[in-house]
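Here's the structure we're looking at; comments come further down.
All figures in this text were calculated on a predicted structure; none of them were measured in a lab. Only this structure's heavy atoms are used, side chains among them; waters, hydrogens and symmetry mates stay out.
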Amino acid sequence: MKKYSQVIIVLLLSVFTLSIVSCGYKPSSKYAREILGNKISTSVSISQTDPENSVIIKDAVDKAIIEIFHASLVDKRYATTHLNLSMTTPSYAPLQYDNDGFIISYRATITLLITRESKNLKKNYKTVGTYDFSVVPNSVLTDQERFDAIKFSSFKAISAFIAQVSAEGSKVK
């Protein structure tokens, strides 16, 4: 009887393993890698009005390429894909007011314009990222609050770009 239960357990584990392996699941990063390739270069158009934020975006994109796409950052001449990014001026919209009419919550919105260049293809993307944050009533936005809002909304915009590229990769057979 003991041997019979071991055989049943082995069969059930085999069926379970085969069902998971054969389902055809691929992570979205694999689809994106099929579009972008393994060697990617990036450049960011520096904003004259807000040059500090351009550096934040460049770092966020490079981090996403390494962590999400598992691709290598290379010089433009060695890259299979080049990403050129530019950012529109960030906007801050009040979301919530206190009883005295002072703003206590803002929404930062960033729009990234991304151009993807491959050997014989040039495609433009527009992604938007938002970030909601609270402030002390009747105060001015500090540089740190502004930088954090831009950083987090940029991450969301980059995630939206990754989703767009992954969707393209899933359509390619």
Side-chain donor-acceptor pair present, Tyr92, Glu145, cut-off under 3.5 Å: no
Straight-line distance of Leu113 CG to Phe161 CZ, nearest 0.5 Å: 12.0 Å
Minimum side-chain heavy-atom gap Leu141-Tyr106 below 4.5 Å: yes
For Ser41, all residues meeting side chain to side chain contact (heavy atoms under 4.5 Å, CB included), sequence neighbours excluded: Lys76, Ala79, His82
Straight-line distance of Ser14 OG to Ile9 CD1, nearest 0.5 Å: 11.5 Å
Heavy-atom donor-acceptor pair, Ser118 side chain to Leu36 backbone, under 3.5 Å: no
Closest non-hydrogen atom pair, Val61 against Ile158: CG2-CD1, 3.5 Å
Same apolar cluster: Ile40 and Ile66, side chain cutoff 4.5 Å: yes
Any donor-acceptor N/O pair, Asp100 side chain to Phe102 backbone, under 3.5 Å: no
From CD (Gln96) to CG (Asp98), nearest 0.5 Å: 9.0 Å
Expected output: side-chain Ser45 to main-chain Ser86 donor-acceptor under 3.5 Å: no
Note: Asp62-Lys58 ion pair, threshold 4.0 Å (strictly below): yes
Minimal non-hydrogen separation, Thr127 against Ala157, with atom names: OG1-O, 3.2 Å
Distance in Å, Ile35 CD1 paired with Lys123 NZ, rounded so as to fall on 0.5 Å steps: 8.0 Å
Residue pair Asn38 / Thr80, side-chain heavy-atom distance below 4.5 Å: no
Side chains of Ile150 and Ile110 in contact at under 4.5 Å (non-hydrogen atoms): yes
Asn99 atom CG, over 12 foreign heavy atoms within 6.0 Å: no
Leu73 with Leu83, same ILVMFWY side-chain cluster at under 4.5 Å: yes
Closest contact, heavy atoms only, Glu168 versus Tyr125: OE2-OH, 2.7 Å
Between NZ on residue Lys126 and OG1 on residue Thr88, distance to nearest 0.5 Å: 8.0 Å
Interatomic distance, Tyr97 atom OH to Ile104 atom CD1 [nearest 0.5 angstrom]: 10.5 Å
Check: Lys156 side chain, Thr130 main-chain N or O, donor-acceptor pair, under 3.5 Å: yes
